[in-house]
Amino acid sequence: MNLHSVKGTRDFYPEEMRMRNWLFDVWRNTALQFGFEEYDACVLEHAELYTRKAGDEITEQLYSFEDKSGRHLSLRPEMTPSLARMVLQHQKALSFPLKWFSVPQCFRYERMTRGRRREHFQWNADIIGESSEIAEAEILSLLLTVCRNLGLTSKDICLFLNDRRILNEILDSIGVPEQLHPNVMVIMDKRDKVSSDAFTELLQQEEMALSQITRLNEFLAIPTMEELASKLGETKGLISLRKIMALMTQSGLGDFLKFDVSIVRGLSYYTGMIFEINDADKAQRAICGGGRYDSLLSTYGGGSIPAVGFGFGDVVILDVLSDLKKLPSFARRLDYLVVPFSADEIGMALTISNQLRQKGKSVECDYSLKKVKKALQRADELNVEKVVMLFPDELAAGKVVVREMQTRQQKNVSIEELTS
Ligand code: HAM
């Protein structure tokens, strides 16, 4: 039997589980602080939820299968389609705007590279039903507050910002017909990952001429919004980005933001602002990514409901924090180890342990009945703060011996004092 986990998936041993819980707690607590509510859905969905015309890579990476009733199902590769489905199903009962978050596990049959696995957890936060730039500012503030809470500064990371409308305007200006824009953008998203010859070839397959490709590359190298405005005019996308940047400066988070016309994002449903977080020289895969998607819900047959949000995976961020030596310690910690001297004291050990637990303490009982020295070694391994030793003579006087593991000092304490 093969005892390895499936290629690209992870086991979480207790130490890794402590790290995962720590990250999830920062995600959850910050989202709750911003007034977001948690939701969840099943990891299994109808595969058609992910079928899109534009040829998104994600559609080709599905873990899909037919169940015993012939239903075509898939493990979710991302949460946004499930969110859209849930909102549409209860649209009439919900009061908009919704501010919802979730920490789903997602599955994608990816080519494995650093930062990309076949299974990952992805914190999602979305605002549904708000079309103004305030929603973008709120979403970005939440995201950057989490980054700060994880110990990252604007020297460590950068939020690269663009707008799909700007990309459409660029493609219009070089004469790419509108119906080709989604496919061309899927290719543009691969620009950093393939050679320039391969990039040219892929665009040629979408009927782009060499002269158009040269102009596209020129546009994608423009460094500032001002220079882009001088070529395209003050377009909708640029005006909207300026509003978002002004709001973020007022939020005190403007330092993290940088306009980058080459940001595309791989999912075809984005319609407005798009962004990703990376280190300043984009050496990693994106730490997180998202944007505005005002027409996804209508493509599922609902009315058009504006929406904006992001997905923030657990893989890249932990690599980044580890590289920067910003991960806290995940050593196990216990308040008490209770050690009965012999079988006669086991009953009392149980009583004291439970009384301490009722006081909110974490307590383990050592029933091994080995020598005290062994119990103290185990207490060191478990990173226990105090050891409570139950000896017959002291117990007869209503007392136990309490040892502080750090100072190695110990004293007799009455059971009542210990547990009250
Ligand atoms: P995405 O850009 O496909 O967006 O993924 C978002 C984030 O999930 C990535 O930046 C990365 O942190 C993580 N991620 C994605 N794929 C993998 C992988 N194979 N291994 C490890 N981490 C991965 C979405 O999924 C959108 N649904 C996000 C969104 C929510 N947009 C609006 N609302």
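Values below: all heavy atoms of this structure, side chains included; hydrogens, waters and symmetry mates excluded. Note that the structure is a prediction, hence the values are computed from the model and not measured. Remember, it's 1-based here, ligands and their atoms both numbered in the order they're listed.
Protein heavy atom at the shortest distance from atom 20 (N) of ligand 1 is R117 N, 3.0 Å. Scanning the protein for heavy atoms near atom 31 (N) of ligand 1, the closest one is Y270 OH, 2.7 Å. In terms of protein heavy atoms, atom 10 (O) of ligand 1 is closest to C288 CA, 3.2 Å. At the top of the distance list for atom 24 (C) of ligand 1, counting protein heavy atoms only, stands L267 CD1, 3.4 Å. Shortest contact from atom 7 (C) of ligand 1 to any protein heavy atom: G311 O, 3.3 Å. Protein heavy atom nearest atom 33 (N) of ligand 1, with residue, atom name and distance: D126 OD2, 2.7 Å.
The closest approach between any non-hydrogen atom of Y109 and ligand 1 is not below 4.0 Å. Within the 4.0 Å heavy-atom cutoff, M79 does not count among the residues contacting ligand 1. Contact between G115 and ligand 1 is present, with at least one heavy atom of the residue lying under 4.0 Å from the ligand. Distances from ligand 1 to the non-hydrogen atoms of I287 include at least one value under 4.0 Å. Within the structure, ligand 1 has A286 among the residues with a heavy atom less than 4.0 angstrom away.
When the options R118, R117, Q122 are evaluated for a side-chain hydrogen bond (donor to acceptor under 3.5 Å, both in side chains) with H120, the one that passes is Q122.
Within the 3.5 Å criterion, the main-chain N or O of V261 finds a donor-acceptor partner in the side chain of N162. Without hydrogens or angle criteria, E119 side chain to Q105 main chain gives no donor-acceptor distance under 3.5 Å. R403 places no side-chain N or O within 3.5 Å of a backbone atom of V388 that could act as its donor or acceptor partner.
Here R116 has heavy atoms under 4.0 Å from ligand 1 in both its backbone and its side chain. The part of F310 lying near ligand 1 is the backbone, judged by heavy-atom distances below 4.0 Å. Of all the heavy atoms of W123, none lies under 4.0 Å from any atom of ligand 1, so neither backbone nor side chain is involved.
For ligand 1 and Y269, the ligand atoms under 4.0 Å from any heavy atom of the residue are 26 (C), 27 (N). Taking every non-hydrogen atom of E78 and a distance limit under 4.0 Å, the qualifying atoms of ligand 1 come out as 24 (C), 25 (O), 26 (C), 27 (N). Taking a cut-off of under 4.0 Å to the non-hydrogen atoms of G289, the atoms of ligand 1 that pass are 10 (O), 28 (C). Contact atoms of ligand 1 toward Y293: 32 (C), 33 (N) (distance under 4.0 Å to a heavy atom of the residue). Using a 4.0 Å cut-off to heavy atoms of N124, the atoms of ligand 1 that qualify are 30 (C).
Expressed to the nearest 0.5 Å, how far CD1 of I139 lies from CD of E133 amounts to 14.0 Å. Rounded to the nearest 0.5 Å, atoms CZ (F330) and CD (E16) are 11.0 Å apart. Atoms CG and OH, from D163 and Y270 in turn, are 13.0 Å apart once rounded to the nearest 0.5 Å.
Ring orientation note: the planes of W123 and W27 are close to parallel, at an angle under 30° on the 30°/60° scale.
Residue-to-ligand polar distances place H120 within reach of ligand 1: an N/O pair is separated by less than 3.5 Å.
When every heavy atom of S298 is checked against every heavy atom of S304, the shortest pair comes out as CB-CA, 4.1 Å.
The ring of F121 has its center closer than 6.0 angstrom to the ring center of F24.
For atom 3 (O) of ligand 1, the choice among E110, Q122, R108, R265 with the nearest heavy atom turns out to be R108.
Atom CD of E226 sits in a crowded spot, with more than 12 heavy atoms from other residues, nucleotides or ligands closer than 6.0 Å.
Cation-pi contact between K282 and F160: present, with separation from the ring centre below 6.0 Å and deviation from the ring axis of at most 45°.
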